[in-house]
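Remarks on the structure that follows.
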Amino acid sequence: MAEILFFIFAAVAVGAAVGVVVSRSPVASLLFMVTTLASTAGIFVLLEAHFLAALQIMVYAGAIMVLFLFVIMLLNLGHEYQRDIRGNVAVIMGFAVTGLMGGLLVRQLGGGTAGLETNLGPGDAIDAALLEYGAVGAIARPLFTDYVVPFELTGILLLVAIVGALVLAKKAS
Amino acid sequence: MDPIAGVPLLVSTSLKIAIMFGVVMLTVAYTTLAERRISAFIQDRLGPNRVGPFGLLQPIADGLKNLIKEEADPGTASKFYFLLGPVLAMGPALVTFAVVPFAAPLPTPWGVVDMIIADVPIGILYILALSSLAVYGIVIGGWASNNKYAFLGALRASAQMVSYEVPLGLSLIVVFMMAGNVTLTGIVWEQQQLGFWFAFPLSLGFILFVVSAFAETNRLPFDMSEAESELITGFHTEYSAMKFSMFFIAEYAHMLTASALMATLFFGGWDLPGTWDNAYWYQGELIRGFDASGAPMAAAPAVWKTLLTFAAFAAKTGFFLLLYIWVRWTVPRFRYDQVMELGWKVMLPTALAYLMVVSATILVLDQVGISGFYFGLALTGVSAICTVAFVFFLDRGRIMVGAAAPRHGRVGPRPTFGRGAMSSEGATTGD
């Protein structure tokens with residue numbers, strides 16, 4: 001059951017990701033992006049990472065993409081169907097980079113998924129953590145104990161970005 | 001008693017989904033009738049009373065009319081997105097009810113059935129996630145209509161819903177801190193254990209939640225996205241027949257979910273006073289509570305308890321639906337800039353400050369070693385002081401009077417919320 005669901009979500013995620021790139025309308029691209037995010041959230045649920053799935057939907061699909069949509073509509077880009085990439089050099093570069101990344105993926109995964117499975121932690125540990133601390137606690141506990149310094153540093157980084165945006169947006173007086 | 005499992009679990013869950021879907025749709029239909037009858041009562045009219053006794057068949061007549069009515073789609077609208085709008089609005093509105101517990105567990109010959117469709121470990125975060133998607137329906141619908149009024153309504157809706165999600169989430173964090181859990185069953189259980197419904201120890205959180213929920217559901221006084229006097233009907237100006245109905249159903253389903261959340265998070269959900277109805281799955285056992293030595297006491301689920309607690313849940317939810325309707329026909333609409341200032345300059349700082357106060361109080365009480373009844377009592381006192389201070393701060397002729405009556409007899413800059421806490425240069429820093 002979980003495997004069937006995984007392949008459905010994976011297919012939708014990849015298909016929608018292609019849709020983001022190929023669709024001409026920015027609004028269509030954005031909706032494809034939301035579909036990709038939602039499918040990834042579904043895969044998170046299959047991995048018992050419920051909290052991550054909820055955050056994915058809440059923060060990315062529900063807030064950031066809404067802001068994107070807001071900007072697209074404010075700038076009235078929704079009805080334009082022009083190509084962003086102009087010139088043959090850019091097109092060739094795009095194909096080259098995509099091909100390189102595809103080749104890397106094939107090289108990594110070409111020998112089957114046997115190597116990947118051993119890298120995954122045992123599912124029992126996740127189940128035990130979920131049972132003991134709950135869906136939120138299982139993530140919050142390492143975040144505020146083992147990884148508290150990187151976590152706080154990320155917070156400061158975001159704060160710097162916010163202050164920078166405020167300074168840029170503020171009118172010179 | 002063991003939890004239900006196997007094929008009976010599948011059957012019972014399917015039955016619960018079917019029944020709850022029916023109940024939600026029926027409640028939505030009759031909330032529209034209640035809205036019309038109550039608005040008529042408030043405005044000294046009769047309201048719809050022709051179809052059936054007391055107009056009780058009016059929602060069915062409305063539905064039938066909207067189904068067979070001709071769809072008038074604007075020629076300049078993009079067809080696909082125009083249809084996608086109502087679909088995206090209605091989908092999230094209908095699935096959010098899945099994680100709300102609506103009664104005490106029901107004993108059956110096959111095992112104990114939880115009266116909740118899906119007790120997912122993230123509980124209320126699931127509702128927050130899905131309701132944050134609801135804005136897409138409004139925005140896509142308004143944009144696809146290719147109409148300036150609809151577009152303005154859609155933009156207002158997206159800005160407003162993103163703004164008020166922040167205080168909504170912050171007002172929920174105090175509940176999570178009290179309950180130590182994000183599942184709604186866990187939150188109900190903690191309220192039963194504490195002996196206080198969270199509306200008392202977290203009174204200011206409740207007020208912030210109610211205001212944010214009103215804004216999130218786009219109901220008056222926050223219905224900026226469809227302000228009739230400014231935008232015709234806002235984002236659904238171009239919609240007719242069933243597509244309009246779908247927006248309508250989505251709005252009322254959101255109201256229903258928000259009311260159920262107010263009842264569950266702050267008024268104990270299906271809980272009734274006393275410990276006779278308590279039930280919670282603790283280490284595989286259905287328990288009623290802990291005795292003096294800390295040993296779990298087994299719960300005794302019964303059919304009459306389930307029915308009675310469901311009635312309690314319905315009554316509490318119905319009360320908040322009534323509140324929604326009553327406020328709509330009592331309070332006038334905010335101006336758009338007032339909505340934004342209330343959100344960012346009043347609700348957000350208040351929610352943050354209140355969060356700090358509550359967490360500090362919980363920390364102190366934990367350190368001193370107070371728990372149980374006196375823990376709730378102490379928090380009730382602290383919250384009451386916060387609430388009084390908040391109301392005192394707001395009621396200084398700033399909101400209700402607003403721009404309509406310039407103070408000091410001058411027509412000056414528009415009144416700002418907050419004492420210059422977040423005001424930029426050029427705006428008045430209090431007065």
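The sequence lines fix the lettering, A, B, ..., with proteins before strands; numbering per chain opens at 1.
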Give the C-alpha distance, both sets of side-chain angles, the deciding distance and a yes or no for side-chain contact (heavy atoms from CB on, under 4.5 Å) between A:Leu69 and B:Trp143. CA-CA 10 Å; A:Leu69 192 64; B:Trp143 170 76; over 6 Å; no
Just do the side-chain contact (heavy atoms from CB on, under 4.5 Å) check on A:Val136 and B:Asn181 with the steps written out, would you? CA-CA 8 Å; A:Val136 181; B:Asn181 207 333; over 6 Å; no
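Heavy atoms closer than 4.5 Å to chain A are found in both the backbone and the side chain of B:Val139. Of the two parts of B:Ala134, neither the backbone nor the side chain holds a non-hydrogen atom closer than 4.5 Å to a non-hydrogen atom of chain A.
In this structure, B:Tyr336 places its OH atom where more than 12 heavy-atom neighbours from other residues, nucleotides or ligands lie under 6.0 Å away. Heavy-atom neighbours of B:Lys79 NZ from other residues, nucleotides or ligands within 6.0 Å: above the threshold of 12. Atom CD1 of A:Ile4 sits in a sparse spot, with 12 or fewer heavy atoms from other residues, nucleotides or ligands closer than 6.0 Å.
Against chain B, the residues from residues 51-66 of chain A that qualify, each with a non-hydrogen atom under 4.5 angstrom away, are A:Phe51, A:Ala54, A:Ile57, A:Met58, A:Ala61, A:Gly62, A:Met65, A:Val66 in number order. Within residues 80-100 of chain B, the residues that have a heavy atom under 4.5 Å from a heavy atom of chain A are B:Tyr81, B:Leu84, listed by number.
B:Glu238 meets the salt bridge (Lys or Arg N to Asp or Glu O under 4.0 Å) test with no other residue; sequence neighbours excluded. For B:Ser171, the side chain to side chain contact (heavy atoms under 4.5 Å, CB included) partners two or more places apart in sequence, or in a different chain, are B:Leu208, B:Phe209.
Per-residue counts of heavy-atom pairs under 4.5 Å with chain A were compared for B:Leu133, B:Thr183, B:Leu130; the largest is that of B:Leu133.
Under the 4.5 Å side-chain criterion, counting only non-hydrogen atoms from C-beta, B:Tyr126 is not in contact with A:Val45.
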